[in-house]
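Worksheet: one structure, shown below.
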Amino acid sequence: MSSLPVRTALRAAVEAEAAPWAVFDLSDYVSLDDCLGEIDSQAVLIQYVASDENPVSIAGGNLHGWSEDSTAVLHLVVPIGFESSPVVIKGDEIREALRGTRLTSEITIRAIAPFTDFSGLGLYGVAWKGWSSNVFINRRDCG
């Protein structure tokens, strides 16, 4: 799971770019059904997938910091029956606004993949259609 600074920065950035779509952190729910029960139209779900941390040397001489590499998945969900083109357009808008973005002085979105409905959660039961995108984030803590 990503650190709190990464989670906070990513959620704020996604909320800013996804507006007026609602944004939900899947960590706040026991199940996907619990989350989808709160959604009445289109939304973005954030799922924190993996993270690791490695020591890095900073300017040599026993000065060490840490590099956190995190992966999150953004899911765009809409009720079944919506046309795909507005969702694809919204996904591209979010992706293009976030990729390569420095969220804070320590946190950068290294890459964000185009949204696809092939992988990830796909169809959410019979009521929802979903698209997913992997987000790759780096946090440098200079110690």
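Residue numbers start at 1 and run along the sequence shown.
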Open item on the list: When you measure from the side chain of R102 to the backbone of S105, do you find a donor-acceptor pair of N or O atoms at a distance under 3.5 Å?
Closed with: yes
- [ ] Give, for atom NZ of K90 and atom CH2 of W131, the distance between the pair rounded to the nearest 0.5 Å.
- [x] 14.0 Å
TODO: Give the C-alpha distance, both sets of side-chain angles, the deciding distance and a yes or no for side-chain contact (heavy atoms from CB on, under 4.5 Å) between D34 and F24.
DONE: CA-CA 11 Å; D34 291 338; F24 296 88; over 6 Å; no
Open item on the list: For a quick test of reading the model, state the closest non-hydrogen atom pair linking I94 to E17 and the distance between them.
Closed with: CG1-O, 3.9 Å
Task: Minimum-distance pair of heavy atoms, taken over all atoms of A13 and L98 - done: CB-CD2, 3.7 Å
Open item on the list: Could you measure the distance from the CG atom of L76 to the CZ atom of R95? Nearest 0.5 Å is fine.
Closed with: 11.5 Å
Task: V6 side chain reached by L103 side chain, heavy atoms, under 4.5 Å - done: no
Task: Side chain to side chain, S70 and Y48, heavy atoms closer than 4.5 Å - done: no
Open item on the list: Are I112 and L74 packed together at the side-chain level, in the sense that at least one heavy-atom pair is separated by less than 4.5 angstrom?
Closed with: yes
Task: W128 vs P79 side-chain heavy atoms within contact, under 4.5 Å - done: yes
Open item on the list: With a 4.5 Å cut-off on side-chain heavy-atom distances among I, L, V, M, F, W and Y, is there a chain of contacts connecting V87 to V23?
Closed with: yes
TODO: Using modelled atom types only, decide if a donor and an acceptor are shared between the side chain of R110 and the backbone of D69 within a distance under 3.5 Å.
DONE: no
TODO: Report the C-alpha distance between S27 and R7 in whole Å, list the side-chain angles of each, state the deciding distance to 0.1 Å, and finish with yes or no for side-chain contact (heavy atoms from CB on, under 4.5 Å).
DONE: CA-CA 10 Å; S27 300; R7 295 165 63 90; 3.1 Å; yes
TODO: Heavy atoms only: give me the nearest A18-V44 pair and the separation to one decimal.
DONE: CB-CG2, 3.8 Å
Task: From C35 atom SG to L45 atom CG, the distance as rounded to the nearest 0.5 Å - done: 4.5 Å
- [ ] Could you tell me the separation between the CD1 atom of I46 and the NE2 atom of H75, rounded to the nearest 0.5 Å?
- [x] 10.0 Å
Open item on the list: For a 4.5 angstrom cut-off between non-hydrogen side-chain atoms, does S3 reach R139?
Closed with: yes
- [ ] With rounding to the nearest 0.5 Å, note down the distance linking CD in E68 to CD1 in I107.
- [x] 7.5 Å
Task: Atom pair OG1 (T101) and CD1 (I137), whose distance is rounded to the nearest 0.5 Å - done: 11.0 Å
